[in-house]
Novice: 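Here it is: the structure, laid out below.
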Amino acid sequence: MVRGRRLLSSHPTVAAPRLLGARLVSDSPEGRVALQLTEVEAYGGQGEDPGSHAFRGLTPRNATMFGPPGRLYVYFTYGMHWCANVVTGPEGSASAVLLRAGGVVEGLEIARGRRATARSDRDLARGPARLTVALGLTGDEDGLDLLDPASPVRLELARQPLPAHIVGPRTGVSGAGAGTPWRFAAEDPTVSPYRAATPRKQREAP
DNA sequence: CTCGAGATGGCCT
DNA sequence: GGCCATCTCGAGT
């Protein structure tokens, strides 16, 4: 998919809105689950974006970000959650787009089984950690080529992206990148509710 | 709907 | 040791 490669080689703030409406497919022994992406966030590269894992350079965790565009970058956070990104920009630039939410368009029963606590179908992949659970993604899938038709996890770009109804600051990221829009969301009930970054509460003194 | 708080462990300075 | 690209639950408006 040449057009996909070229798009994903661009800066993450350019590629991110074009991913709205894209189809993300995950095949497993259980079967196939596919999402239509509705919410994403851009993360810049080394030295560019203080909110990015790549800001301080290459580490074992973020190595996939330094690879070619179109790769799946999955990382573990908060001691219990996985989050999925698409690597963008030229190889070595280490930028990426976080996949924050989507609507299940295939494999509804499988997704419901994986997300037993979801109150409704719109919550199945509403939020970055819920999205990875619905798709069955963990660190095992880190580094997969999303544009390879033989890959079990694939990204199929929409010919016509969904309009970016929300363009603004990122969720849960403080300070960084004022002046650049990093978060993009379609007008859709699966878009996660915006929550500004909240400082962690301090423990009480004894 | 909103808000607050706890869970829980890897990563990096 | 401090900081997380979060989720769930309970209680309040």
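These values consider heavy atoms only, across backbone and side chains, with no hydrogens, waters or symmetry-generated copies. Throughout, protein chains are lettered first and strands after them, A, B, ... in sequence-line order, and every chain is numbered starting at 1.
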Novice: C/dT8, B/dT13, C/dT6: which one has an atom nearest the side-chain heavy atoms of A/Arg56?
Specialist: B/dT13
Novice: Which part of the nucleic acid does A/Arg119 contact within heavy-atom distance under 4.0 Å: base, sugar-phosphate only, or nothing?
Specialist: nothing
Novice: Quick check with a 6.0 Å cut-off and a 45 degree axis cone: is A/Arg100 positioned over the face of A/Phe184's six-membered ring?
Specialist: no
Novice: Write down the distance between CG (A/Asp142) and P (B/dC11), rounded to a whole number of angstrom.
Specialist: 12 Å
Novice: Whether the side chain of A/Arg170 engages the backbone of A/Ala42 through a donor-acceptor N/O pair (distance < 3.5 Å, no angle test) should be reported.
Specialist: yes
Novice: Hey, are A/Arg114 and A/Ser28 close enough side-chain-wise for a donor-acceptor pair under 3.5 Å?
Specialist: yes
Novice: Quick one: is C/dA5 close enough that its OP1 or OP2 comes under 4.0 Å of any side-chain N or O from A/His53?
Specialist: yes
Novice: Please state how far atom CZ in A/Phe55 lies from atom P in C/dA5, giving the value in whole angstrom units.
Specialist: 14 Å
Novice: Which one, B/dC1, B/dC11, C/dT6, comes nearest to the side chain of A/Arg100?
Specialist: C/dT6
Novice: What is the separation between atom CZ on A/Arg183 and atom P on C/dT6, rounded to the nearest whole Å?
Specialist: 11 Å
Novice: The side chain of A/Leu98 lies closest to which of these nucleotides: C/dA5, C/dT6, B/dT13?
Specialist: C/dA5
Novice: State which of B/dC12, B/dA7, C/dT8 makes the closest approach to the side chain of A/Met80.
Specialist: B/dA7
Novice: Looking only at the side chain of A/Arg122 (C-beta and beyond, no hydrogens), which of the listed nucleotides C/dT6, B/dC12, B/dC1 gets closest?
Specialist: B/dC1
Novice: Quick one: CZ on A/Arg32 to CD on A/Glu30, what's the gap to the nearest 0.5 Å?
Specialist: 14.0 Å
Novice: Indicate whether A/Tyr78 forms a stack on B/dT8; treat it as stacked only if centroid distance is below 5.5 angstrom and interplanar angle below 30 degrees.
Specialist: no
Novice: Among the nucleotides B/dG10, B/dC12, C/dT6, which one has an atom lying closest to any side-chain atom of A/Phe76?
Specialist: B/dG10
Novice: Reckon A/Thr77 has a side-chain N or O less than 4.0 Å from the OP1 or OP2 of C/dT6?
Specialist: no
Novice: Between A/Gln46 and A/His53, do the side chains contain an N or O donor and an N or O acceptor separated by less than 3.5 Å?
Specialist: no
Novice: Stacking between A/Tyr43 and the base of C/dA5 (centre distance under 5.5 Å, interplanar angle under 30°)?
Specialist: yes
Novice: Nearest-Å distance, CG (A/Leu137) to P (C/dA5)?
Specialist: 19 Å
Novice: Can you find a donor-acceptor N/O pair under 3.5 angstrom joining the side chain of A/Tyr75 to the base of C/dA5?
Specialist: yes
Novice: How many whole angstroms separate atom CZ of A/Arg61 from atom P of C/dC4?
Specialist: 11 Å
Novice: Distance check: side-chain N/O of A/Arg130 vs OP1/OP2 of C/dT8, anything under 4.0 Å?
Specialist: yes
Novice: Once you round it to whole Å, what is the distance between C1' of C/dA5 and CZ of A/Phe184?
Specialist: 15 Å
